[in-house]
Enquirer: 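Please find one structure pasted underneath; my questions will follow.
FYI, side chains are in, hydrogens and waters are out, and symmetry mates aren't considered; it's all heavy atoms of this structure. Order of the sequence lines sets the chain letters (A, B, ...), proteins ahead of strands, with each chain counted from 1.
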Amino acid sequence: MATKKLLFVVRALPYKTEASRLALTHAIASQSVEIYLKDGDLVEASIAFIGDGVMNCLKNQQAMKHYGITSIEGHMKNTLLLDMKVMICKEDLDKFGIKEDALLMDAEDIGGETNAQIVPFSEIQKEMESVDHLLFC
Amino acid sequence: MADLKSQTPAQVLDVLGRVCPYPLVLTKKALEKLPSGGILKILCDAPASAEDSVPRFAEGKGYPIEVVKLAESWEIYIQKT
């Protein structure tokens, strides 16, 4: 029995690229692959938002209005609903002047019990060093 | 095999309208919290989840499962053992 740890590091802006949406959907989908693995093997996925990627975490995105597509917010909430570890880089938030109250930090409205965490980059780096597979998006 | 659907479920999980992989991952989460012996009733309309992934997961865990096909959806009963 083994647990493979994945970390999706999202650096892309939320729109005009599929990168962040694919990172979130792959992280979510990874939570179902254990049914195809050997007895007891598990996959644990975490997500870190750094650089421009922190923009994915903003609340009240108007994607339908501006781009005619669904918002990233639904995917963000689903990761929290599934109790995934979601980290947002503090230094990058500070660089953009984004405060915590502008961010989607929980998914209580859909029954989520886990909150996103604003962490210093050093903590994300530690996570990067501890996982089996690192995926930059 | 025990007749699970005739017993009172400890929890009903409604994943109607949700597509794969959500029915499975939400089922996993619900089962983690369910006390041993409890029955989880799942309302699902995603064919791949109802007919493949959720039964495969329950069988892998050794949990008794019953899948009832309705007109356009499924009722799935899983007993956590």
Enquirer: Check for me, please, whether B:L16 and B:L13 land in the same ILVMFWY cluster - side-chain distances under 4.5 Å, paths through other members count.
Expert: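 Looking at the clustering, B:L13 is in a separate group from B:L16.
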
Enquirer: A:L24 and A:L134: same hydrophobic cluster, using ILVMFWY side-chain contacts below 4.5 Å?
Expert: no

Enquirer: Please tell me whether A:V9 and A:M76 are part of a single hydrophobic cluster in this structure, the criterion being side-chain heavy atoms less than 4.5 Å apart.
Expert: no

Enquirer: Check step by step if side-chain contact (heavy atoms from CB on, under 4.5 Å) holds for A:I35 and B:V54.
Expert: CA-CA 9 Å; A:I35 58 173; B:V54 173; over 6 Å; no

Enquirer: After noting the C-alpha distance and the side-chain angles of A:E113 and B:K33, does the key distance pass the side-chain contact (heavy atoms from CB on, under 4.5 Å) rule?
Expert: CA-CA 13 Å; A:E113 296 161 321; B:K33 292 177 182 167; 2.3 Å; yes

Enquirer: In this structure, would B:V67 and B:L24 fall into the same cluster of hydrophobic residues linked by side-chain contacts under 4.5 Å?
Expert: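 Yes; B:L24 is reachable from B:V67 via cluster members.
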
Enquirer: Yes or no on side-chain contact (heavy atoms from CB on, under 4.5 Å) for B:K29 and A:Q31, after CA distance, side-chain angles and deciding distance?
Expert: CA-CA 11 Å; B:K29 186 177 172 182; A:Q31 300 309 287; over 6 Å; no

Enquirer: If I compare all heavy atoms of B:V25 with all of A:S32, which pair ends up nearest, and what's the gap?
Expert: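 Nearest heavy atoms, B:V25 then A:S32: CG1-N, 4.1 Å.
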
Enquirer: Taking NZ in A:K95 as the centre, count heavy atoms belonging to other residues, nucleotides or ligands within less than 6.0 Å. Is the count above 12?
Expert: yes

Enquirer: Can you find a pair of side-chain heavy atoms, one from B:R18 and one from A:N78, that are under 4.5 Å apart?
Expert: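 When only atoms from C-beta onward are counted, A:N78 and B:R18 do touch, with a gap below 4.5 Å.
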
Enquirer: side-chain contact (heavy atoms from CB on, under 4.5 Å) between A:L81 and B:Y22: does it pass, once the steps are laid out?
Expert: CA-CA 10 Å; A:L81 175 66; B:Y22 291 105; 5.6 Å; no

Enquirer: From A:D83 CG over to B:K28 NZ, what is the distance, rounded to the nearest 0.5 angstrom?
Expert: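 If I round to the nearest 0.5 Å, the distance is 10.5 Å.
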
Enquirer: Tell me whether A:I69 is reachable from A:L104 by hopping between hydrophobic residues (I, L, V, M, F, W, Y) whose side-chain heavy atoms are closer than 4.5 Å.
Expert: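 Yes; tracing contacts between hydrophobic side chains, which count when under 4.5 Å, links both residues.
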
